[in-house]
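Written out below as structure tokens is the structure these notes cover.
So you know, we letter chains A, B, ... as the sequences are listed, proteins then strands, and number each from 1.
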Protein chains: 2
Amino acid sequence: MTATTPARTRLSPDERREQLLELGVRMLADHSLEELSIDLLAEAAGISRGLLYHYFGGKQGFYEAVVQRAADDLYAQTAPPSEGEPLERLQASMEAYVDYVAANRAGYASLVRAAAGGNDALRAIYDTTFDALGTRFFEEDTQSLLIADTPANRALIRGWQAMTEELTLTWCDDPSVLSRDDLLRVIAGSLPAVLAILA
Amino acid sequence: MTATTPARTRLSPDERREQLLELGVRMLADHSLEELSIDLLAEAAGISRGLLYHYFGGKQGFYEAVVQRAADDLYAQTAPPSEGEPLERLQASMEAYVDYVAANRAGYASLVRAAAGGNDALRAIYDTTFDALGTRFFEEDTQSLLIADTPANRALIRGWQAMTEELTLTWCDDPSVLSRDDLLRVIAGSLPAVLAILA
């Protein structure tokens, strides 16, 4: 006991908050947002509910902080590599996306639900992340995909993102419907195919 | 007054319920589910709240009945014509889908939100309709589209449906991003393009 207790007490408030956030994000991998109660986290972290409320200002604040962190992680982990052919870079980014969703199935699905379901703060986090993932195709460092930045192409990217999300969640629910390789072929191959229709 | 009152009272309870349902569906075109209160409908129908509760067993029952009717309408209106080339039939069906969503924007968007947002009954109506629209591709009378009924193709159809929904809602929000013709070209053209990736 003495080996762990002093280590805990040496954490600054910021470090402790960070530690709790990371724990929340890890728990979101296997739990839906609804299941991720303050009680559950307090128990897992070995601290009191009161202290958790202190750090996050309540249940809603805790959800928002955890979901924002998970969204930031998703955005960071799906960054396309800076080297390589455009299609290879897209494939690497989409592989990271599929792996992220597969590893965080429960939390990701509940974020999609929460975003759609009228919780304005969580919806804003989801929408901002969805937009940021799509906008990335038109940014300086990744524009080697050579997609013209037009309103029509931005709409097509949104549609393709929705297809990618639905396909990935369907595959996570039942991986027997198609192989991971085929899933990735469809995701990466459908983007140029869809863009070509209006090109 | 005497010209309309007798007409009203001649309606049977079933006819009256039907009339109220139709009014609810019409109001869903311009109002979200949240806005479609019993008060609003009672006022539009010129009857008491109590009578509405009598017909639908409460607010939730009224929502469910209206949404189920709207979903049935969507399914019926998007039935592919029985004659014509496969791609022409798909285009006709998708044209009806786009027109339905455009004409019922507020209600359709709020159904998507409600379905995702944890109202189990509304979600079941949405899921059943989404599945039925997708399953139609594999049914006897419409299978001239010649899509093999495999788990992978069913997953691809789900993904394509999600893209179609997102594209259509994006276009309804801002029709200037692409023309209706281009929207229909993308929707109808992307299905064979996506299926071809694994074929």
Side-chain angles (χ1 to χ4, degrees), chain A residues 32-34 109-120 122-123 126 130-131 134 150-179 181-199, chain B residues 32-34 109-120 122-123 126 130-131 134 150-179 181-199:
Chain A
S32 70
L33 268 178
E34 296 76 28
S110 73
L111 171 61
V112 174
R113 276 204 307 279
N119 182 323
D120 288 342
L122 297 184
R123 178 186 211 147
Y126 175 85
F130 190 91
D131 286 346
T150 64
N153 280 349
R154 288 200 171 231
L156 296 189
I157 292 276
R158 286 189 70 87
W160 172 80
Q161 287 181 267
M163 177 165 64
T164 297
E165 184 175 274
E166 178 68 33
L167 275 172
T168 304
L169 289 173
T170 298
W171 178 75
C172 287
D173 277 346
D174 182 0
S176 78
V177 299
L178 73 175
S179 69
D181 277 357
D182 279 350
L183 174 69
L184 288 167
R185 277 173 63 207
V186 170
I187 292 173
S190 57
L191 182 58
V194 167
L195 292 169
I197 295 171
L198 295 189
Chain B
S32 70
L33 269 178
E34 298 75 28
S110 73
L111 170 61
V112 174
R113 275 203 309 278
N119 181 323
D120 288 344
L122 298 184
R123 179 185 210 148
Y126 176 85
F130 191 91
D131 286 347
T150 64
N153 279 350
R154 288 200 173 232
L156 296 189
I157 292 278
R158 285 189 70 85
W160 171 80
Q161 286 180 269
M163 177 164 65
T164 297
E165 183 176 276
E166 177 68 33
L167 274 173
T168 305
L169 289 173
T170 298
W171 177 75
C172 287
D173 278 345
D174 183 0
S176 78
V177 300
L178 73 176
S179 69
D181 278 357
D182 279 350
L183 174 68
L184 288 166
R185 278 173 63 206
V186 170
I187 291 173
S190 57
L191 181 59
V194 167
L195 291 168
I197 296 171
L198 295 189

Residue, of L178(B), N153(B), D174(B), V177(B), that accumulates the most heavy atom pairs under 4.5 Å with chain A: V177(B)

Chain B contact via L156(A) - which portion, at a heavy-atom distance below 4.5 Å: both

Minimum-distance pair of heavy atoms, taken over all atoms of V186(B) and L198(A): CG2-CG, 3.5 Å

Within residues 165-172 of chain A, residues adjacent to chain B where the heavy-atom gap is under 4.5 Å: E166(A), L167(A), T170(A)

Non-hydrogen atoms of G189(B) and I197(A) that approach each other most closely: C-CD1, 3.5 Å

